[in-house]
Every structure is written in C-alpha cells, then in structure tokens.
Amino acid sequence: MPRYWLFKSEADCYSIDDLAKSPKQTTFWDGVRNYQARNYLRDDVKVGDGVFLYHSGCDPLAIAGTMEVVRAAYPDETAFNKQEQHYDPKSRRDDPTWYMVDVRLKQKFQPVVTRDMLKDASELAKMVVLQKGSRLSIMPVTDAEWRAVLKLAGVKSG
DNA sequence: GCCAACGTTGGC
DNA sequence: GCCAACGTTGGC
C-alpha cells in the first residue's frame, strides 16, 4: 500500500509549473535540511507513494497538485557542492547527512486547493500542514486526508 | 546536558 | 512587515 505525503515548496522558487516543464515532468527533490523531514525522506518515502505539492510563501497558499515518488532516497549531491545554496560541509560522501527522492508530476489541480479550502474541511482538521507552527517541508498525510483533498480538487483518484 | 541567543520559516 | 514557533548553536 502506498503512503501519502505533502512536500512544501516556495512557489517563487519552485512551483508545479516548473515541474510540468521539466523533462519527463520529473525532478529530484533536493535541499531538505531538517532532520525530521530527512528521516521521512530517507526511511519512509517509497516508490509509488503519493505526494501533494504545496505552495508556500505565495498567494494563494495552496495544494497545487499531486506527484508520484519514482525513486526512493539517495544522497543529496547539492550538500557536497560549495556553490549550492544548501551546501553543508558536515555532510560527507562516505556518510551523507542529507537525502533526496525523485518525483514525477501526476496531476495538476485546476483550480488549486487553497489553504482556506483545507481549513474549511472538517475531515482535515488534524492535517499536519494546517497545525500552528508546522514548518516541516516533508509531512505525512493520512489516507483519509488524501481522499478528502482529492475530493476538494474535484478529481477521482490521485 | 542545559538553556539563552540567534536565525529561519511561514502564515497573517 | 510583523511576529510566533521552531531548530540550531555554543558557552558554561
């Protein structure tokens, strides 16, 4: 059984349209530099899992669509490169600290499911992304939440 | 190992 | 732009 996740991205930095324009509509999800999020990525995110792409830091705040995990965790190369914004001198090639996965665009929501819509849905009251102070960039989503959001998006399956 | 200070995130 | 929440750092 696949599990479900929510990946957060600043839309100015990387949006669902950027993903749609990528070769094979696939990208590597790099730059996660938080241990709890890293643990999810490294240990729990598997090929075939469903992922919501959430746009933060923009208007509207919204789930923009769904993605599918197409490659499980492997070392995040950007951590080894001094030129990279997310360079981390403590991560070593023989013992990487940070990991990334590959995701492929599955479905772009039209229109997007806004944060306000999520907040109005009683089934989503406990959704992690809606909790105060919730800053993780990788968060788990329950089966019921996954279905409820798809319903709000007006689509039948992820 | 504690905790204050600091930096960052992100909703509003 | 503000500020609350959170994670990390570093002195002790």
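Naming: A, B, ... by sequence-line order, numbering from 1 per chain. Every heavy atom of this structure was used, including side-chain atoms; hydrogens, water molecules and symmetry mates were not.
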Short of 4.0 Å, heavy atom to strand atom, which residues of residues 92-101 of chain A count as contacting DNA chain C? none
Would you please name every residue forming a side chain to side chain contact (heavy atoms under 4.5 Å, CB included) with V70(A), sequence neighbours left out? T26(A), D102(A), R104(A)
Using modelled atom types and a 3.5 Å cut-off, is there a donor and acceptor pairing between side-chain atoms of D49(A) and backbone atoms of R3(A)? yes
So, do Y4(A) and E145(A) sit near enough that their side-chain heavy atoms are less than 4.5 Å apart? no
Inter-axis angle, terminal five-pair segments of the helix from dG1(B)-dC12(C) to dC12(B)-dG1(C) [nearest 10°]: 10°
Among residues 112-126 of chain A, which residues get a heavy atom nearer than 4.0 Å to DNA chain B? R115(A), K119(A)
Could you give me the CA-CA distance, side-chain angles and deciding distance for M67(A) and Q25(A), then say whether side chain to side chain contact (heavy atoms under 4.5 Å, CB included) is met? CA-CA 10 Å; M67(A) 310 185 288; Q25(A) 300 191 327; over 6 Å; no
Does the distance from a Lys or Arg side-chain N to an Asp or Glu carboxylate O, for D43(A) and R38(A), drop under 4.0 Å? no
Please assess V32(A) against Y40(A) for the test side chain to side chain contact (heavy atoms under 4.5 Å, CB included), listing each intermediate value before the final yes or no. CA-CA 11 Å; V32(A) 173; Y40(A) 283 137; over 6 Å; no
Between E77(A) and E84(A), does a side chain to side chain contact (heavy atoms under 4.5 Å, CB included) hold up when you go through it step by step? CA-CA 10 Å; E77(A) 286 286 323; E84(A) 291 284 346; over 6 Å; no
Residues of residues 6-16 of chain A with any non-hydrogen atom less than 4.0 angstrom from an atom of DNA chain C: list those, numerically ordered, please. none
Heavy-atom contacts under 4.0 Å between residues 130-137 of chain A and DNA chain C, which residues? K132(A), G133(A), R135(A)
List for me each residue that meets ring-ring contact (aromatic ring centres under 6.0 Å, His included) alongside F52(A), sequence neighbours excluded, and say none if there are none. W146(A)
Qualifying ring pair (Phe, Tyr, Trp, His ring centres under 6.0 Å) pairs, either residue in residues 73-103 of chain A, two or more places apart: Y35(A)-W98(A)
Excluding sequence neighbours, so at least two apart, what forms side chain to side chain contact (heavy atoms under 4.5 Å, CB included) with D116(A)? T114(A), K119(A)
Show me, pair by pair, the donor-acceptor contacts under 3.5 angstrom made by side chains of residues 131-138 of chain A, not counting sequence neighbours?
residue : atom : partner : partner atom : Å
Q131(A) : NE2  : A125(A) : O            : 3.0
Q131(A) : NE2  : K126(A) : O            : 3.4
Q131(A) : NE2  : M127(A) : O            : 2.8
S134(A) : OG   : V128(A) : O            : 3.0

According to side chain to side chain contact (heavy atoms under 4.5 Å, CB included), who are the partners of C58(A), at least two apart in sequence or on a separate chain? A11(A), H55(A)
Under 3.5 Å side-chain donor-acceptor pair for T78(A) and R33(A): yes
Find out if a path of hydrophobic residues (ILVMFWY) with successive side-chain heavy-atom gaps under 4.5 Å connects L130(A) to L152(A). yes
Start and end of chain A contact along DNA chain C [non-hydrogen atoms, under 4.0 Å]: dA4(C) to dT9(C)
State whether the side chain of D95(A) and the backbone N or O of R92(A) hold a donor-acceptor pair below 3.5 Å, judged by distance alone. no
Could you go through V149(A) and I63(A), starting from their C-alpha distance and side-chain angles, then the distance that decides it, and tell me whether this counts as side chain to side chain contact (heavy atoms under 4.5 Å, CB included)? CA-CA 9 Å; V149(A) 173; I63(A) 294 177; 3.9 Å; yes
If every non-hydrogen atom of D76(A) is compared with every non-hydrogen atom of G31(A), which pair is closest and at what distance? OD2-N, 2.9 Å
